[in-house]
Protein chains: 2
Amino acid sequence: MTDDSRADEPVAWLDAEEKAAWTGLISIALLMPGRLEAPLRDFGLTLFDYMSLSAISEAPDRRLRMSELAYLTNGSLSRLSNVLKRFEQKGWAERYPDPADGRYTVAALTDAGYEVVVAAAPTHVRAVREHVLDPLPPEDRAALARIAERLRIRPADH
Amino acid sequence: MTDDSRADEPVAWLDAEEKAAWTGLISIALLMPGRLEAPLRDFGLTLFDYMSLSAISEAPDRRLRMSELAYLTNGSLSRLSNVLKRFEQKGWAERYPDPADGRYTVAALTDAGYEVVVAAAPTHVRAVREHVLDPLPPEDRAALARIAERLRIRPADH
DNA sequence: CGACTTGAGTTCACGCGTGAAGTGAACTAG
DNA sequence: CTAGTTCACTTCACGCGTGAACTCAAGTCG
């Protein structure tokens with residue numbers, strides 16, 4: 001193991017407990033998104049697509065600023081610009097300058113876009129239950145929320 | 001919230017505790033890899049690059065079959081083939097048919113490749129400590145390992 | 001007022017990952 | 001023996017995400 005095979009170096013290599021925590025986390029991070037995305041593909045959605053559509057659908061009048069969307073989805077503006085461009089091309093969303101302040105851009109769901117997220121939501125929730133919630137007892141669920149908070153990762157509402 | 005705003009549908013929408021667990025997990029999954037990868041970029045490595053190099057460096061004589069590497073890194077053969085191709089082009093690794101069974105391909109680190117992972121390891125471990133281990137008390141670390149196991153996600157050694 | 005600054009957002013070039021298609025080695029069946 | 005099957009692996013085409021460069025609207029300063 002590279003991490004702990006050089007005792008001659010001034011590096012605090014990981015012990016077994018640390019390694020178990022670390023590898024647990026990274027494995028979840030690497031594998032879980034793919035699992036949750038797979039059923040969404042039937043709707044032509046990536047996981048991030050779904051989360052973006054979901055966040056907009058929850059906003060007042062199903063519209064919000066791109067910067068607010070970036071905050072809610074933990075995504076970069078660059079990424080979202082590309083995503084919303086795809087949505088526009090599919091007729092799911094539209095973008096326009098915020099009338100209150102032209103520096104901002106508002107992203108709004110079309111009726112078609114709303115229908116997509118409505119259709120996909122039950123599938124998404126079922127996947128979340130199956131892959132995340134059902135296998136975990138309450139103390140583990142609480143731990144997940146607590147850990148995310150401790151790691152200074154802001155959970156977004158989805 | 002899309003997830004629970006359609007009480008008229010036969011779907012078990014998420015309650016607050018479930019949502020906190022779910023959003024905690026997905027936020028970690030979305031944001032943590034990027035954090036850990038950033039310092040590795042100074043070495044020209046993605047996080048997956050590092051984990052691949054690390055896994056090979058730990059194998060006997062610093063070589064192992066591609067399929068074994070895929071298992072250890074939780075990566076697909078397709079992905080690894082691309083990654084190893086890059087490594088070969090950089091002189092970090094070589095691939096050859098397994099003399100014991102020509103159906104298999106062996107991936108081996110070159111001295112240059114080994115030096116890359118040796119150079120990057122302290123940085124990687126420090127990032128893991130800073131972003132994952134240091135903010136978490138022992139019970140949360142134990143929870144991570146337990147959760148990964150419960151979610152049927154096999155932690156790989158890194 | 002004009003020049004400059006700041007921040008939101010878009011575009012661009014390119015790296016990376018995926019699934020499908022293809023290749024080849026070993027094994028199996030007739 | 002040959003034909004077919006299976007599995008490991010590579011290649012390919014393309015979607016997606018990133019960081020840098022760019023644009024633009026609003027605010028600030030002299």
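All values below were derived from every heavy atom in this structure, side-chain atoms included, with hydrogens, water molecules and symmetry-related copies excluded. Chain A is the first sequence line, chain B the second, and so forth, proteins listed ahead of strands; every chain is numbered from 1.
- Here C:dT10 presents its P atom at 9 Å from CG of A:L80, a figure rounded to the nearest Å.
- The interatomic distance linking B:Y71 (OH) with D:dC7 (P) rounds to 18 Å, in whole Å.
- Nearest nucleotide to the B:F48 side chain, out of C:dG9, C:dT11, C:dG17: C:dG17.
- If you measure from atom CZ of B:R41 to atom C1' of D:dG17, you get 11 Å, rounded to the nearest angstrom.
- Although no hydrogens or angles enter the test, the distance criterion places a donor-acceptor pair under 3.5 Å between the side chain of B:E18 and the main chain of B:D15.
- To the nearest angstrom, C1' of D:dG17 lies 13 Å from CZ of B:R79.
- The phosphate of C:dT10 (OP1 or OP2) has no side-chain N or O of A:K85 nearer than 4.0 angstrom.
- Judged by distance alone, with hydrogens and angles left aside, B:S78 brings a side-chain donor or acceptor within reach of the base of D:dT11, the pair sitting under 3.5 Å.
- If you check C:dC12, C:dA8, D:dC16 against the side chain of A:Y104, the one that comes closest is C:dA8.
- Across all strands, B:S67 comes closer than 4.0 Å only to sugar-phosphate atoms, never to a base (heavy-atom distances).
- Heavy-atom nearest nucleotides on DNA chain D were determined for A:G102 and for A:S76, and the one closer to the 5' end corresponds to A:S76.
- Checked by atom type and distance alone, the side chain of A:E94 never pairs as donor or acceptor with a backbone atom of A:A108 at under 3.5 Å.
- The shortest side-chain heavy-atom distance between B:L151 and B:L25 falls under the 4.5 Å cut-off.
- The side chain of B:R103 places no N or O atom within less than 4.0 Å of a non-bridging phosphate oxygen (OP1 or OP2) of C:dA26.
- Comparing C:dG9, D:dT11, D:dG27 by their closest approach to the side chain of A:L77 singles out C:dG9.
- In this entry the distance linking CG of A:L84 with P of C:dA8 reads 16 Å, nearest Å.
- Atom CD in B:E37 sits about 14 Å away from atom P in C:dG15, given to the nearest Å.
- As judged by a 4.0 angstrom heavy-atom cut-off over every strand, B:D101 is placed among residues touching the sugar-phosphate backbone only.
- Ionic pairing of B:R35 and B:E130 is not present here: no N-O contact between side-chain nitrogen and carboxylate oxygen is shorter than 4.0 angstrom.
- Within the structure, every side-chain polar atom (N or O) of A:R86 is placed at least 4.0 Å from both OP1 and OP2 of C:dT10.
- Heavy-atom distances to DNA chain D give each of B:R95 and A:A100 a nearest nucleotide, and the one nearer the 5′ end belongs to B:R95.
- Judged by distance alone, the side chains of B:Y71 and B:R65 never bring a donor and an acceptor atom under 3.5 Å apart.
- Across the protein-nucleic acid pair, A:E94 atom CD and C:dT10 atom P stand 13 Å apart, rounded to whole Å.
- If you take CG of A:L64 and P of C:dA8, they are 14 Å apart, rounded to a whole angstrom.
- Among the heavy atoms of the strands lying under 4.0 Å from A:T105 are primed sugar atoms or P, OP1, OP2 only; no base atom is included.
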